[in-house]
Q: 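Before I ask anything, let me first share the structure, which is written out below as structure tokens.
Excluded from the calculations below are hydrogen atoms, water molecules and symmetry mates; all remaining heavy atoms, backbone and side chain alike, are included. The structure displayed is predicted, hence computed values, not measured ones. Throughout, numbering of the chain's residues begins at 1 and tracks the sequence.
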Amino acid sequence: MDDDRRTPPGPGGLRHARWWAALSGVVSAAAGFAVAELVAAFVSPRSSPIFAVGAGVVDQVPPWLKDFAVENFGTNDKAVLLGGMIVTLALGAALSGALELRRPPVGAVLLGAVGLVITIVALARPDAKFLWAAPTVIGVTVAIILLRTGAARLRAWEVAETSGTPAGTGVPFEDPDVETPLTAARLRATLDRRRFLALTGISAGAAVLVGLGARALAAGTEAATAVRETLKLPGAALPADPIPPGTELGIDGLAPYVTPNADFYRIDTALRVPQVDPDTWVLKVSGLVEEPFEITFAELLDLPLEEHVVTLACVSNPVGGDLVGNATWLGYPIRELLARARPAEGADMVLSTSADGWTASTPLEVLADESRDCLLAVGMNGEPLPIEHGFPARLVVPGLYGYVSATKWVTELKVTTFADDVAYWSTRGWSERGPIKISSRIDTPRISTDLVAGPVRVAGMAWHQHTGIAGVEVQVDDGPWQPAQLADAVSTDTWVQWVFDWDATAGNHTLRSRATGEDGEVQTEDRANPAPDGATGWHTMQVSVE
């Protein structure tokens with residue numbers, strides 16, 4: 001009998017009992033997580049088990065792994081992370097189902113251990129409350145109940161199947177003299193099979209329905225989206241300088257001077273985009289200041305807002321990468337907020353905090369610089385900030401990489417010192433101050449472009465914020481550096497398009513670009529990875545000409 005239970009012989013696919021058990025484990029875990037998501041919709045979106053674990057993983061990622069993810073997956077890095085987590089959890093749930101069938105209650109203990117870890121991670125999140133444990137605790141409890149019930153019914157089905165089969169043969173009796181007891185055994189097996197399949201099917205259906213309900217409830221409570229869609233921003237007291245006609249060279253494959261909101265890169269640590277209701281949003285200015293204060297969104301919109309065109313860049317941008325964009329921003333000068341608070345002598349840093357707890361350390365002298373258009377921004381390219389780009393308010397700081405300046409969903413500006421406070425990435429091996437390095441890239445032609453001998457337009461972008469680009473040069477193979485033509489730009493705080501007219505000859509060629517700043521700095525050839533303070537090197541493009 002024991003041998004028969006280890007290798008179930010009966011019909012109905014029960015000889016694959018371990019696969020049924022694995023399915024039961026996955027369905028039980030899915031139902032538990034769906035319930036947890038539903039509870040999280042009432043408690044706090046940040047208490048969601050999936051996103052709590054994801055945020056914990058992001059927090060522990062070393063710089064080299066972050067660079068690898070960004071370089072290989074770009075703005076899809078979060079989707080890849082979540083997908084990997086779901087696959088891992090599904091495999092673990094399948095294992096728990098198999099263990100619960102053969103070695104109860106090991107599978108249930110495994111689920112409980114995972115739940116305990118997730119609960120600890122959720123409670124360790126910034127600004128976490130004890131109630132944040134509720135979604136995981138309730139969800140794991142549901143999963144364990146379903147797992148144990150499903151395993152018990154599967155074992156009953158297995159025993160019933162075995163009781164109607166001669167040991168070790170795998171063939172049911174056909175003796176008419178014992179038809180009545182065998183018929184009863186088959187009826188029990190059929191009943192137990194139906195009970196198991198019904199439990200599994202109902203659990204799976206419930207998981208889907210509860211999950212959809214949780215998402216619908218969460219969408220219904222996301223007031224930020226609804227408010228943004230009806231919000232009308234005030235006009236700028238100081239409009240941006242007009243964009244000269246000569247900023248656009250009109251070359252196919254060349255990035256536009258102003259990046260559309262939908263195409264603007266998004267790199268941050270938020271797996272779930274914070275939904276901040278502007279009606280309850282408050283910015284706190286605190287720390288080493290003589291007059292700390294708070295300002296509401298309505299009060300912010302009543303201030304004389306300014307509009308400036310500014311390029312932003314991510315420190316994870318590789319040489320030639322697209323994690324850089326240019327937009328017209330509407331907001332209030334941060335230096336005016338700081339002047340109102342009156343920073344104390346000795347303060348040299350502003351620690352900005354996001355609604356999701358992320359922080360950035362920005363030099364005080366940069367934010368207070370009257371020649372630099374640092375904004376507490378509320379608008380982007382003529383509309384309210386997109387939710388994923390920081391609505392209702394974010395920081396825009398020309399000349400610094402985003403990890404030390406571009407705080408989205410900002411809720412606090414704390415005046416402090418580099419000696420006393422550290423920011424999110426400063427504790428993970430990145431440099432403290434993060435000035436953007438001079439850079440250029442080739443947008444066209446690309447490696448896959450079909451080229452024929454004759455005139456070819458080599459074009460791209462160059463930037464050196466708050467300094468400006470004096471020139472760009474292009475090198476073909478190992479020949480001399482030749483000057484490219486620069487387009488116009490609104491200011492030194494934006495990137496600039498460039499073009500080089502090349503008389504291409506047949507064969508394989510190597511194209512390189514390098515920029516020179518208004519201060520005489522020449523883009524270095526030395527290659528460096530993004531960590532710890534930005535990538536360097538000449539962008540190189542291999543092309544083939546027929």
Q: Starting at CG of Leu312, measure out to OG of Ser405 and round the result to the nearest 0.5 Å.
A: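 One gets 7.0 Å once the value is rounded to the nearest 0.5 Å.
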Q: Looking at Lys437 and Asp533, is any side-chain nitrogen of the basic one under 4.0 Å from a carboxylate oxygen of the acidic one?
A: yes
Q: What distance separates Leu351 CG from Phe418 CZ, expressed to the nearest 0.5 Å?
A: 9.5 Å
Q: Would you call the rings of Trp430 and Tyr403 parallel, tilted or perpendicular, taking 30° and 60° as the class edges?
A: tilted
Q: Quick one: which of Leu375, Asp373, Thr328, Leu238 gives a side-chain contact (heavy atoms from CB on, under 4.5 Å) with Glu307?
A: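 Of all the options given, the one that passes is Thr328.
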Q: Does the side chain of Ser439 come within less than 4.5 Å of Trp463's, by heavy atoms?
A: yes
Q: Would you indicate whether the side-chain heavy atoms of Arg266 and Val273 approach each other to under 4.5 Å?
A: yes
Q: Can you check whether Arg394 reaches Ser354 side chain to side chain, under 4.5 Å on heavy atoms?
A: no
Q: Check this for me: does any side-chain nitrogen of one of Arg228 and Glu383 sit under 4.0 Å from a carboxylate oxygen of the other?
A: yes
Q: Roughly how far, to the nearest 0.5 Å, is the CG atom of Asn261 from the NE2 atom of His389?
A: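 Output value for this atom pair is 6.5 Å.
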Q: Considering the options Leu288, Leu364, Val350, which one meets the side-chain contact (heavy atoms from CB on, under 4.5 Å) requirement together with Pro343?
A: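 Result for side-chain contact (heavy atoms from CB on, under 4.5 Å) with Pro343: Leu364.
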Q: I would like to know whether Glu518 and Thr467 meet side-chain hydrogen bond (donor to acceptor under 3.5 Å, both in side chains); could you show each step before the answer?
A: CA-CA 6 Å; Glu518 293 283 1; Thr467 299; over 6 Å; no
Q: Can you confirm whether Gln482 sits close enough to Glu473 that some side-chain heavy atom of one is under 4.5 Å from a side-chain heavy atom of the other?
A: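 No, every pair of side-chain atoms sits at 4.5 Å or beyond.
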Q: For the pair Asp493 and Ser491, evaluate side-chain hydrogen bond (donor to acceptor under 3.5 Å, both in side chains) and give the outcome as yes or no after the intermediate values.
A: CA-CA 5 Å; Asp493 285 333; Ser491 73; 4.5 Å; no
Q: Would Ser361 and Glu432 satisfy side-chain hydrogen bond (donor to acceptor under 3.5 Å, both in side chains), going step by step from the backbone distance to the final call?
A: CA-CA 7 Å; Ser361 54; Glu432 285 185 330; over 6 Å; no
Q: Please check this pair: side chain of Asn381 against backbone of Thr259, looking for a donor-acceptor N/O pair closer than 3.5 Å.
A: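 Between the backbone of Thr259 and the side chain of Asn381 there is a qualifying donor-acceptor contact (under 3.5 Å).
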Q: Applying side-chain hydrogen bond (donor to acceptor under 3.5 Å, both in side chains) to Asp348 and Thr417, what does each step give before you reach the verdict?
A: CA-CA 5 Å; Asp348 62 2; Thr417 67; 4.7 Å; no
Q: Please work out whether the ring planes of Trp502 and His509 are parallel, tilted or perpendicular, with thresholds of 30° and 60°.
A: perpendicular
Q: Do Trp498 and Val458 come within less than 4.5 Å of each other through their side chains, counting heavy atoms only?
A: yes
Q: Answer yes or no: is there a side-chain heavy-atom contact under 4.5 Å between Lys414 and Thr353?
A: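 SC-SC contact between Lys414 and Thr353 ruled out.
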Q: Please work out whether the ring planes of Tyr424 and Trp358 are parallel, tilted or perpendicular, with thresholds of 30° and 60°.
A: tilted
